[in-house]
Amino acid sequence: MIVVGAGIWGASLALRLAESGRQVTLVERLAGDDPRRASAGATRLVRSAHGTSEFYARMAWQATRDWLALNERAGEQIFLPQGVMWFGREADGWEARSAEVLKNLDIPCTLLDPAEAARFYPELRHDDLATVLHEPEAGVVRARRATEVITGLAQDAGVTLIRGAAGPAGRQVVIDGEAMTADQVVWACGAWLPELFPGLPITVTRQDTTHFAAGWTGVPAFCDYSASAYGHGDVGGHGMKITSDVEGEPGFDPDSARGDILPASEQRARDYLARRFPSLAGVPLGLTQVCQYALTPDGEWVITEIEDGVWVLGGDSGHGAKHAPALATYLTSVLTGEAAIDPRFGLHQRDSVRGLRTSGET
Ligand SMILES: Cc1cc2nc3c(=O)[nH]c(=O)nc-3n(C[C@H](O)[C@H](O)[C@H](O)COP(=O)(O)OP(=O)(O)OC[C@H]3O[C@@H](n4cnc5c(N)ncnc54)[C@H](O)[C@@H]3O)c2cc1C
């Protein structure tokens, strides 16, 4: 079995396959800290609320428990279970619908009065909020570090890691002119998939991430679905993250050099700070990162066997990191023939639908 791409998806899959007894080769062309990899972002949110989708709520909750287990295995906190708050403008909106699903699945959550939610932060302007959904066991995964840890665990479990840029030739994987063959190949190549397999329903957009020099630690992460904004307190000294989930311009080249963020991205984050945490509106910028989404029209991932034994795994649509360990378990059962792949991940005609990310208005 060959897995190409050692981002958080490919590395998690390689680990789980090796643990289930498969012989696995993992191929990766970039260094672990290369900012072009989506999984090299400093942090990613882990939350179970997904509107009315039971499928993703269930997978995220399984993943939340997997992240806690990975903390134990790694002997360090790659996942910080500090909770996530969803700031809701309507009492019966997306947050309330999510809460209903979570409660039906026995996933811990509470709908709070906004004034009560404000007690979790040094400051929270809530006069425009009707309700706040609190997921107390959700949190933040240190994505880059998690990817390194999982890749290391995979190697400990017997996975062979090869450095190189791979190209597809049927069931062969060609690296520097040399072909390798396996019974199954999984191309987990993130934003590079559309170039490797033209015709996939994946669009690559530029996404800027902004952190601000504010030292709020231990506060719950937050999502403002209606404002398409999310963030968390200081994790690892990078400052408080406030980032827009609005889709950037399509056609972004994932190989492009990473420089400064766009002035408009900083402005959008500051506008949000001014509305929600006004005393932070003028604090200096901290860490910034330029990354990319690999978006499908409906936000559902692309997981499909495009020819006998050749799978593509991508189109994470900006909401894949949290699910990685649980998705790896699911895919292992598919690849070993114990389960069928859910048709939602196929190459059918997809309509434009929003809602699986944290962006209600884009
Ligand atoms: C700004 C931003 C914020 C996000 N926030 C969240 C969040 O809060 N919560 C969440 O769950 N998710 C979030 N995501 C999404 C999450 O980061 C991705 O779903 C996840 O990192 C995707 O992992 P991946 O392994 O598919 O992709 P990648 O990490 O990009 O990995 C793909 C790998 O394939 C390698 N590769 C490509 N082509 C080849 C080749 N030919 N040969 C060898 N190797 C190759 C690449 O070098 C790369 O390492 C966010 C994404 C962004 C950009």
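Order of listing sets the numbers, starting from 1, for every ligand and every atom in it. One-based numbering along the sequence shown. This structure is a prediction, so every number in the text was calculated from the model and none was measured.
Between G318 and ligand 1 there is a heavy-atom distance shorter than 4.0 Å. Under a 4.0 Å heavy-atom criterion, G164 is in contact with ligand 1. Within the 4.0 Å heavy-atom cutoff, W187 does not count among the residues contacting ligand 1.
Among protein heavy atoms, the minimum distance from atom 32 (C) of ligand 1 is reached at A188 O, 3.6 Å.
Cluster partners of V4 are I2, V27, I162, V173, I175, M180, V185, W187, L193, L196, F197, L200, I202, V302, I306, V310, V312, L347, counting Ile, Leu, Val, Met, Phe, Trp and Tyr whose side-chain heavy atoms approach within less than 4.5 Å, directly or via other members.
Of all the atoms in ligand 1, the ones that sit under 4.0 Å from a non-hydrogen atom of A165 are 42 (N). Below 4.0 Å from some heavy atom of I8 lie the following atoms of ligand 1, by number and element: 20 (C), 21 (O), 23 (O), 25 (O). Within ligand 1, the atoms closer than 4.0 Å to a non-hydrogen atom of K322 are 9 (N), 10 (C), 11 (O), numbered from 1 in the order shown. Interface of A166 with ligand 1, defined as ligand atoms under 4.0 Å from a residue heavy atom, comprises 40 (C), 41 (N), 42 (N), 43 (C). Each of the following atoms of ligand 1 lies closer than 4.0 Å to a heavy atom of T209: 1 (C).
No N or O atom of V4 sits closer than 3.5 Å to an N or O atom of ligand 1.
In this structure R144 satisfies the side-chain hydrogen bond (donor to acceptor under 3.5 Å, both in side chains) test with no other residue, sequence neighbours excluded.
Both the sub-6.0 Å distance and the 45° axial angle are not jointly satisfied by R125 relative to the ring of F277.
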